[in-house]
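See below for the structure under consideration.
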Amino acid sequence: MPARAVPGRTSARQTGRRSAREFVPADFVVPTLVAGPRFQIRPITVHDVVKDYGAVIGSLERLRGRFGPEWGWPDTEFTFEQALIDVAWLQKEGQLRRSFSYVVTSPDGEQQYGRIHVAPSDDPDADACVVFWVRDDQAGTSLERELGDFVEEWVTTAWPFEAVRFPGRDEG
């Protein structure tokens, strides 16, 4: 999957502003809330586990088909306890600035629509790999398409990456 270049953007990798171990430069302010008319995006925390578990369980087969072959998630024994561990791990990764996971909710925060993950890419031609998913009842809707377009724009303009992979969207 080819990485998409960000026109006019100089990456932290090119400027030398980040060490080999840093995913984002130390002075980069990680977005904490992005709000729009149809959804809001904020970092995932352990307080999200109940809604997140419901979103995952309600979309288990589709998520397993999409992420299982490459990431092995969600596994066949996905329990609430496993969801708590996963969400806590995602929160900690964000605190350590190694990867960033966000919940996508309704504007009032009452319903979780899905998640966004911004992580280092294993492709040397890309700075980051960004994936998102929505729960089954939002799959194929205008909300999913709007979110996909928004995520691409957001990551290529608000984040310090020169080239980004969007698995699931990069294929023609």
Side-chain angles (χ1 to χ4, degrees), residues 1-6 23-24 28 30-75 78 83 86-94 97-123 126-172:
M1 289 172 263
R4 295 193 188 153
V6 179
F23 175 43
V24 293
F28 175 67
V30 177
T32 56
L33 177 65
V34 179
R38 295 190 61 192
F39 53 81
Q40 71 175 1
I41 299 166
R42 62 172 175 69
I44 197 167
T45 72
V46 293
H47 301 289
D48 296 309
V49 71
V50 171
K51 291 177 187 170
D52 189 72
Y53 182 70
V56 173
I57 288 298
S59 308
L60 200 58
E61 291 308 312
R62 187 172 54 82
L63 293 175
R64 200 175 282 143
R66 182 170 178 193
F67 296 110
E70 188 170 344
W71 289 293
W73 180 87
D75 66 23
F78 194 71
D86 286 355
V87 169
W89 181 258
L90 295 172
Q91 180 179 353
K92 187 64 176 178
E93 285 285 296
R97 298 172 64 92
R98 295 192 298 215
S99 66
F100 303 93
S101 296
Y102 293 83
V103 290
V104 179
T105 68
S106 56
D108 62 7
E110 291 300 312
Q111 183 178 6
Q112 181 175 331
Y113 295 141
R115 276 200 229 151
I116 301 166
H117 301 278
V118 181
S121 178
D122 56 3
D123 180 342
D127 299 310
C129 174
V130 177
V131 296
F132 78 94
W133 58 267
V134 295
R135 57 188 303 142
D136 272 3
D137 63 355
Q138 296 299 321
T141 66
S142 62
L143 180 102
E144 181 182 32
R145 289 185 295 279
E146 181 181 327
L147 178 63
D149 293 342
F150 174 82
V151 167
E152 285 192 34
E153 177 73 16
W154 178 56
V155 172
T156 57
T157 60
W159 290 77
F161 307 128
E162 180 182 345
V164 180
R165 286 183 55 230
F166 294 92
R169 289 181 65 89
D170 284 337
E171 304 85 38

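For reference, positions follow the sequence shown, starting with 1. This structure is a prediction, so every number in the text was calculated from the model and none was measured.
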Work out which heavy atom in [X] is nearest to a heavy atom in [Y]; give both atom names and the distance.
X	Y	answer
Q112	D48	OE1-O, 4.1 Å
R38	P107	O-CD, 3.5 Å
R165	A126	CG-CB, 3.7 Å
G94	F100	O-CE2, 3.6 Å
R145	G140	NH1-O, 2.8 Å
D136	S59	N-OG, 2.7 Å

For this session: Using salt bridge (charged side-chain N to carboxylate O under 4.0 Å, His left out) as the criterion, list what pairs up with E61, not counting sequence neighbours.
Result: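 Per chain and number, E61 pairs via salt bridge (charged side-chain N to carboxylate O under 4.0 Å, His left out) with R64.
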Looking at residues at least two apart in the chain, or sitting in another chain, which of them share a side-chain hydrogen bond (donor to acceptor under 3.5 Å, both in side chains) with [X]?
X	value
T32	none
S121	none
S101	H117

Side chain proximity check, [X] to [Y], heavy atoms < 4.5 angstrom:
X	Y	answer
L63	V56	yes
S99	P120	yes
F132	F166	no

When rounded to the nearest 0.5 angstrom, what distance separates [atom1] in [X] from [atom2] in [Y]?
X	Y	atom1	atom2	value
D123	C129	CG	SG	9.0 Å
I44	T105	CD1	OG1	11.5 Å
Y113	L143	OH	CG	6.0 Å
E93	R98	CD	CZ	4.0 Å
E144	D137	CD	CG	11.0 Å

Do side-chain atoms of [X] reach the backbone of [Y] as a donor and acceptor pair under 3.5 angstrom?
X	Y	result
D149	E146	no
D127	V164	no
S106	Q111	yes
Q91	V46	yes

Problem set entry | Residue list, ring-ring contact (aromatic ring centres under 6.0 Å, His included) with Y102, at least two apart or on another chain |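 Y102 satisfies ring-ring contact (aromatic ring centres under 6.0 Å, His included) with W154 only.
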For this session: Among F161, F23, W159, find the one that has a ring-ring contact (aromatic ring centres under 6.0 Å, His included) with F28.
Result: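 Going through F161, F23, W159 one by one, the ring-ring contact (aromatic ring centres under 6.0 Å, His included) with F28 is satisfied by W159 alone.
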For this session: Keeping to residues at least two apart or across chains, list the salt bridge (charged side-chain N to carboxylate O under 4.0 Å, His left out) pairs with something in residues 108-120.
Result: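 Listed once each, the pairs are D52-R115.
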